[in-house]
Q: 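I am attaching a structure below and will ask some questions about it afterwards.
Worth knowing before you read on, the calculation uses all heavy atoms, side chains too, and leaves out hydrogens, waters and symmetry mates.
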Amino acid sequence: MEDKRSILKEEQPFDYKVLKDNKAHVYYRHKRIKLLTGKDYHKLIKCIESGDAYETQLFLAKVTGNFKRGNEKRK
């Protein structure tokens, strides 16, 4: 099981915005963290088309990688 604490199912912290020219922005808690292009963009589109919100959240979590290091500023 990838989501042991059920954060992706309950909170759904990731979001996305599809742009033109086969690009998409990925957001984590309303902050932009990554720009998807190429293969990753096409995989995101397939996840969106499947209609499974958990699979989309899981894909976004995997594609962003380990971006949090513990030194992020809180507002």
Side-chain angles (χ1 to χ4, degrees):
M1 183 173 180
E2 294 94 357
D3 188 20
K4 293 180 182 178
R5 295 181 290 164
S6 298
I7 293 173
L8 297 178
K9 285 185 181 180
E10 295 171 6
E11 296 178 18
Q12 295 187 350
F14 290 97
D15 199 11
Y16 59 88
K17 181 177 181 181
V18 177
L19 307 171
K20 58 184 176 180
D21 299 331
N22 295 332
K23 295 179 183 178
H25 283 151
V26 178
Y27 297 88
Y28 179 78
R29 301 195 193 277
H30 308 293
K31 293 181 183 178
R32 188 177 69 190
I33 56 171
K34 188 160 185 158
L35 176 69
L36 296 182
T37 59
K39 291 180 184 179
D40 290 334
Y41 170 81
H42 293 292
K43 289 179 184 179
L44 174 63
I45 296 301
K46 287 182 182 180
C47 284
I48 294 169
E49 290 173 350
S50 72
D52 187 5
Y54 174 72
E55 287 297 323
T56 303
Q57 288 289 311
L58 184 61
F59 171 75
L60 292 172
K62 287 181 178 181
V63 77
T64 55
N66 185 11
F67 70 94
K68 294 182 69 74
R69 300 284 185 213
N71 59 353
E72 291 83 17
K73 294 181 182 178
R74 294 184 183 178
K75 289 186 177 181

Q: How many angstroms lie between NZ in Lys43 and CD1 in Ile45, if you round to the nearest 0.5 Å?
A: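 Reported to 0.5 Å precision, the distance equals 13.5 Å.
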Q: With sequence neighbours excluded, give me every salt bridge (Lys or Arg N to Asp or Glu O under 4.0 Å) pair touching residues 44-55.
A: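 Salt bridge (Lys or Arg N to Asp or Glu O under 4.0 Å) check on residues 44-55 returns no pairs.
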Q: How long is the span from the CD1 atom in Ile7 to the CD atom in Gln57, to the nearest 0.5 Å?
A: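 The CD1 atom of Ile7 sits 11.0 Å away from the CD atom of Gln57.
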Q: Give, for atom CG of Leu60 and atom CG of Asp15, the distance between the pair rounded to the nearest 0.5 Å.
A: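 Leu60 CG to Asp15 CG: 8.5 Å, rounded to 0.5 Å.
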Q: To the nearest 0.5 Å, what is the distance between CD1 (Ile33) and OG1 (Thr64)?
A: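 It is 4.5 Å, given to the nearest 0.5 Å.
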Q: For Val63 and Leu36, run side chain to side chain contact (heavy atoms under 4.5 Å, CB included): C-alpha distance rounded to whole Å, both residues' side-chain angles, the deciding distance at 0.1 Å, then the answer.
A: CA-CA 9 Å; Val63 77; Leu36 296 182; 3.7 Å; yes
Q: Between CZ of Phe59 and CG of Leu8, what distance do you get to the nearest 0.5 Å?
A: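 Taking CZ in Phe59 and CG in Leu8, the distance rounds to 13.5 Å.
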Q: What is the distance from atom OG1 of Thr56 to atom OH of Tyr16, rounded to the nearest 0.5 Å?
A: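 The OH atom of Tyr16 is 6.0 Å from OG1 of Thr56, to the nearest 0.5 Å.
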Q: Name all residues meeting the side chain to side chain contact (heavy atoms under 4.5 Å, CB included) criterion together with Lys17; count only those two or more places apart in sequence or in a different chain, and write none if there are none.
A: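 Side chain to side chain contact (heavy atoms under 4.5 Å, CB included) check on Lys17 returns Leu19, Tyr27.
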Q: The criterion is side chain to side chain donor-acceptor pair (under 3.5 Å); which residues satisfy it with Gln12, sequence neighbours excluded?
A: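 Here no residue qualifies.
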Q: For residues Leu35 and Tyr41: do they belong to one hydrophobic cluster (side chain heavy atoms under 4.5 Å, members Ile, Leu, Val, Met, Phe, Trp, Tyr)?
A: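 Leu35 does not cluster with Tyr41.
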